[in-house]
Amino acid sequence: LHQPRYAILQLLERVTLLSAGETVYHGQWSDATGYFSELGYECEERENPGDFLLDVIFKEGKREKNVLEYPSLDNFVMSLGTKFSVSNYNQHLISQLENIHSTNAVSSMRRISPYATNPFSQMLTLANRTIRVYIRFPYPEILQFIFNILAIAIVKFFTWNTDLSLDGLQNRL
């Protein structure tokens, strides 16, 4: 999200904040400002938390005292990324991923398919979408039907009252 409104941010459960390819936060949205306050970045009472987080991550605006500690953006981002990699939030995330990986649901799978669903389910979904398109926009199908009727009429016009014997068929070819 870019410049997210506070009402939209409240709808999110988890967020992942990235900067220059580094994960600087991943976790509950409600804990994000608390995490950055632990790092020394305080969100003012009337400030939009989304704008605050963008300011912290991209070193914009009001965070001059913290920005002066990092002479270049690369050092600043690496510092936030490094701080996250050793944080309790990251350790909790890693333990959750290890639990998911070690569950029977994943380990009992005989083969892992590159597709999320089986081919039959995919065909049903595509057929459903195609039918919806035809219902919503019938004009191309109506034109195709009219074209087919005209093609039949033209062929029938040229083959009207033709001899159906073997000699008649040879003459038409």
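This structure is a prediction, so every number in the text was calculated from the model and none was measured. Values reported hereafter were calculated over all heavy atoms of this structure, with side chains retained and with hydrogens, waters and symmetry mates removed. Residues: numbered from 1 along the sequence shown.
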Taking the side chain as everything from C-beta on, heavy atoms only, tell me whether [X] gets closer than 4.5 Å to [Y].
| X | Y | value |
| --- | --- | --- |
| W29 | L53 | yes |
| T33 | E42 | no |
| H26 | F84 | yes |

Using the six-membered ring wherever Trp is involved, compare the ring planes of F36 and Y25 and label them parallel, tilted or perpendicular (cut-offs 30° and 60°).
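The arrangement is tilted - the two ring planes meet at 30° to 60°.
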What are the two closest non-hydrogen atoms of [X] and [Y], and how far apart are they?
| X | Y | value |
| --- | --- | --- |
| I57 | L18 | CG2-O, 4.2 Å |
| P49 | C43 | CA-SG, 4.3 Å |
| D31 | Y89 | O-OH, 3.8 Å |

Can a donor-acceptor pair be found, under 3.5 Å and without considering hydrogens, that links the side chain of Q122 to the backbone of T117?
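Flag set: sc Q122 to bb T117 pair under 3.5 Å.
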Inter-residue atom distance [X].[atom1] - [Y].[atom2], 0.5 Å rounding:
| X | Y | atom1 | atom2 | result |
| --- | --- | --- | --- | --- |
| L80 | L39 | CG | CG | 6.5 Å |
| T23 | L93 | OG1 | CG | 8.5 Å |
| Q28 | Y35 | CD | OH | 15.5 Å |

Taking everything shown except Q96 itself, do over 12 heavy atoms lie less than 6.0 Å from its CD?
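Result for CD/Q96: enclosed.
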Determine, using the 4.5 Å side-chain heavy-atom cutoff (strictly less than), whether L17 and L12 are members of one ILVMFWY cluster.
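Yes, L17 and L12 fall within the same hydrophobic cluster.
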Please output the side-chain donor-acceptor pairs of residues 125-154 that fall under 3.5 Å, not counting sequence neighbours, one pair per line with the distance.
| unit_1 | atom_1 | unit_2 | atom_2 | d |
| --- | --- | --- | --- | --- |
| T125 | OG1 | S121 | O | 2.9 |
| T130 | OG1 | L126 | O | 2.8 |
| N148 | ND2 | Q144 | O | 3.4 |

